[in-house]
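Computed from a predicted model, the values in this text were never measured in an experiment. Letters A, B, ... mirror the listed sequences (proteins, then strands); counts begin at 1.
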There are 2 protein chains.
Amino acid sequence: MPATRRPTLHDVAQEVGVSAKTVSRVLNGDGPTSAATREKVLAAVERLGFQPNLMARNIRTGGPDTTIGLVVPDMGNPFFGTVAGGIESAVRGRGLTLLLGSSGDDPARERDLISTFLARRVSALMVAPAVGSDHAYLKAARATGVPVLFLDRPATGLAADCVVSSNRDGARTGVAHLIAYGHRRIGFIGDRPAGLYTRRERLAGYRDALAAAGLPYDRALVAAAHSQQDAAAATDRLLGLPDPPTALFAANNFAAMGTVVALAQAKRREVALVAFDDIPLADILEPPLTVVAQDPAAIGAAAGRTALARLDGDRGSARTTVIDTRLVVRGSGEQRPRR
Amino acid sequence: MPATRRPTLHDVAQEVGVSAKTVSRVLNGDGPTSAATREKVLAAVERLGFQPNLMARNIRTGGPDTTIGLVVPDMGNPFFGTVAGGIESAVRGRGLTLLLGSSGDDPARERDLISTFLARRVSALMVAPAVGSDHAYLKAARATGVPVLFLDRPATGLAADCVVSSNRDGARTGVAHLIAYGHRRIGFIGDRPAGLYTRRERLAGYRDALAAAGLPYDRALVAAAHSQQDAAAATDRLLGLPDPPTALFAANNFAAMGTVVALAQAKRREVALVAFDDIPLADILEPPLTVVAQDPAAIGAAAGRTALARLDGDRGSARTTVIDTRLVVRGSGEQRPRR
DNA sequence: ATGAAAGCGCTAACAT
DNA sequence: ATGTTAGCGCTTTCAT
């Protein structure tokens with residue numbers, strides 16, 4: 001069976017015996033239409049299975065495409081999946097659809113995707129940046145009026161809207177929780193590279209908590225890891241120090257997993273642990289894992305709302321929205337230090 | 001600053017002093033062009049920051065939009081996120097981008113999304129169906145030549161390409177593993193409703209394994225759950241039976257989590273467990289969780305390849321691709337039955 | 001090697 | 001209440 005040509009507005013018009021514009025009016029409900037023609041038109045639309053070509057419509061109206069371009073480092077990461085879901089919920093009512101691409105944390109690929117999305121004339125562009133990408137080149141794009149918004153981390157080299165977690169505050173709270181249980185030497189296992197925004201913020205929170213408690217900051221207790229394996233190795237290393245930490249703060253979700261695995265394998269259940277970002281099954285680990293939970297759905301929703309506000313003409317200066325984190329106490333932070 | 005109008009092909013042409021068509025030729029490399037004009041054109045393109053409007057191009061060429069529409073029940077589920085990533089990798093080389101929507105397992109919303117995607121003239125449509133949706137209505141759409149492809153479950157009411165895991169075989173292998181360790185009463189905690197494809201297949205595999213070992217099938221050992229909480233409750237119920245199972249087979253990932261949680265809370269570590277679908281941290285649970293792992297990236301990749309083949313003119317009849325599952329032995333299946 | 005005109009499917013702006 | 005014309009930004013077709 002050869003592919004039947006998709007019916008056009010014209011086909012419907014001919015079928016009914018009216019002009020294309022009349023059909024258009026019925027479908028979009030702008031001009032006035034008699035009830036009789038409206039009915040006939042709708043019947044013909046149904047019969048032919050007509051679907052207006054959205055691209056043609058967008059071209060003619062000159063407006064942007066009714067899509068939001070979203071670039072994330074990794075789709076398999078439920079954090080970004082949930083963020084995407086939050087965006088979708090927020091913009092669905094406005095008829096916007098998500099165009100999604102993953103950069104694999106490669107700045108070049110991220111640029112490619114952004115460029116494709118802009119060529120598609122997306123209504124708005126949202127980017128959860130890859131490690132090491134710079135966004136100064138987006139200034140030109142933004143001058144054309146496309147709202148550009150950053151997720152999880154602010155843009156580099158560009159003042160743009162962004163939505164982030166309360167990284168510093170969250171980390172401070174998590175570390176303060178450990179300090180409250182008597183820990184004075186607390187290891188920090190964070191992301192790499194050291195300059196990475198989320199790592200920097202969370203490390204700052206860690207130092208805030210130490211300072212507030214009058215504890216010294218010891219660089220020997222700070223490790224960097226960019227994979228679960230790395231984090232496990234870093235955990236082993238910290239625990240092997242001459243004057244080892246009695247508690248650990250894992251500053252992101254794979255650090256959390258790596259640390260949990262390392263502690264379990266080393267049978268070091270007495271080491272207290274708080275992690276940034278929640279993980280599945282945290283409550284049945286032994287001990288149950290205390291975390292500083294992010295709210296990815298809220299991040300997505302806030303991003304969606306900000307984009308809509310920009311599309312509605314909000315020309316205010318770049319705005320940073322901070323989404324609260326929440327300390328979820330489950331037990332692993334309450335192990336007392338052993339001496 | 002007012003939004004600067006996006007430059008068009010015409011603007012570039014004027015800037016250089018040639019016709020629009022010449023610019024088009026340079027950019028698409030079809031007609032012949034002199035090296036001199038090519039250079040001038042490219043310079044002007046760079047200077048103006050011109051990006052061809054993909055929608056306009058698609059309209060004119062009459063081809064489908066260079067997107068693949070993907071509908072999944074839930075974006076936050078890493079299974080679907082990873083599937084999406086697999087699709088993207090497979091089709092990226094052909095310049096196709098993902099248009100993504102989540103149905104929230106609501107058939108009406110799924111239909112809406114599909115309809116929007118078709119109106120956008122996607123090159124291909126991929127659907128991981130919501131529970132309870134019927135797809136007979138897609139026959140019309142498919143007659144227009146859009147490849148339609150189902151993920152995770154086959155279509156209902158329509159013969160279409162689909163890519164699924166080896167559910168039956170995988171379940172059989174997982175249950176056989178339990179039988180090999182001496183279990184004769186094995187509980188099955190599956191999805192709801194009972195008619196759901198994946199549940200049916202996995203239950204069939206469970207029965208295959210029982211039959212192969214000459215064990216009776218006892219309906220009292222089969223439970224249904226559609227959330228982690230449900231699954232935990234079902235686990236408690238099965239363990240409370242007069243003649244309780246000594247092992248459990250959790251037939252999907254939330255059943256897995258629910259069962260793990262229930263066993264941990266009831267301190268019933270001696271109950272053997274195998275789960276369908278891998279979960280994070282499975283290897284540090286106590287005991288480490290043995291699973292029948294799916295390969296979502298391979299599912300996505302296969303789907304992408306199938307779609308490309310269809311776009312390349314493959315008109316063969318509907319094809320079902322089965323992606324192998326893999327038994328990952330970690331320990332929880334090796335608890336011996338207590339008597 | 002380049003340009004002019006026509007048209008993809010639709011809607012804005014003016015008719016009637 | 002409906003039709004006509006023009007044109008969105010691009011590419012096809014046919015000239016030159």
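With rounding to whole Å, A/Gln14 atom CD is found 13 Å from C/dG9 atom P. The distance from atom NZ of B/Lys21 to atom P of C/dA5 is 16 Å, rounded to the nearest whole Å. Look at CG on A/Leu27: it is 13 Å from C1' on C/dG9, rounded to the nearest Å.
For the segment residues 31-47 of chain B, the set of residues with a heavy atom within less than 4.0 Å of an atom of DNA chain C comprises B/Pro32, B/Thr33, B/Ser34, B/Thr37, in numerical order.
A/Gln51 places a side-chain N or O within donor-acceptor distance of the main-chain N or O of B/Ser115, the cut-off being under 3.5 Å. In terms of modelled atom types and a separation under 3.5 Å, the side chain of A/Asp11 and the main chain of A/Thr8 share a donor-acceptor contact.
Take B/Ala90 and apply the side-chain contact (heavy atoms from CB on, under 4.5 Å) test, not counting sequence neighbours, and it matches no residue. Partners of B/Arg94 according to the salt bridge (charged side-chain N to carboxylate O under 4.0 Å, His left out) rule, which considers only residues two or more places apart in sequence or in another chain, are B/Asp312. Remark: B/Arg120 engages A/Asp65 in a salt bridge (charged side-chain N to carboxylate O under 4.0 Å, His left out) (not counting sequence neighbours). Every residue meeting the salt bridge (charged side-chain N to carboxylate O under 4.0 Å, His left out) condition with B/Arg47, not counting sequence neighbours, appears here in chain and number order: B/Glu15. Legend: residues meeting side-chain hydrogen bond (donor to acceptor under 3.5 Å, both in side chains) with B/Arg109, ordered by chain and number and at least two apart, are A/Glu88.
For D/dG3, the OP1/OP2 oxygens have a side-chain nitrogen or oxygen of A/Thr22 closer than 4.0 Å.
Residues in residues 115-154 of chain A take part in these ring-ring contact (aromatic ring centres under 6.0 Å, His included) pairs, two or more places apart or across chains: A/His135-A/Phe150. Pairs engaging residues 40-92 of chain B under the ring-ring contact (aromatic ring centres under 6.0 Å, His included) rule: none recorded [sequence neighbours left out]. Sorted by first and then second residue, the pairs that involve residues 150-164 of chain A and meet side chain to side chain donor-acceptor pair (under 3.5 Å), not counting sequence neighbours, are A/Asp161-A/Arg310.
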Between N or O atoms, less than 3.5 Å apart, protein on one side and nucleotides 8-10 of chain D on the other: list the pairs.
{"unit_1": "D/dC8", "atom_1": "O2", "unit_2": "A/Arg60", "atom_2": "N", "d": "3.3"}
{"unit_1": "D/dC10", "atom_1": "OP1", "unit_2": "B/Asn53", "atom_2": "N", "d": "2.9"}
{"unit_1": "D/dC10", "atom_1": "OP2", "unit_2": "B/Leu9", "atom_2": "N", "d": "2.4"}

Polar pairs (N or O, both sides) under 3.5 Å between protein and nucleotides 14-16 of chain C?
none

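Taken to the nearest 0.5 Å, the CG atom of B/Leu54 stands 12.0 Å off from the CD1 atom of B/Ile59. Between atom CG of residue B/Leu151 and atom CD1 of residue B/Ile299 there is a gap of 7.5 Å, rounded to the nearest 0.5 Å.
Comparing the axis of the opening five pairs of the helix from C/dA1-D/dT16 to C/dT16-D/dA1 with that of the closing five pairs yields an angle of 40°, rounded to 10°.
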Q: Tell me, with the steps shown, if B/Leu125 and B/Leu138 meet side-chain contact (heavy atoms from CB on, under 4.5 Å).
A: CA-CA 10 Å; B/Leu125 183 64; B/Leu138 275 173; 4.2 Å; yes
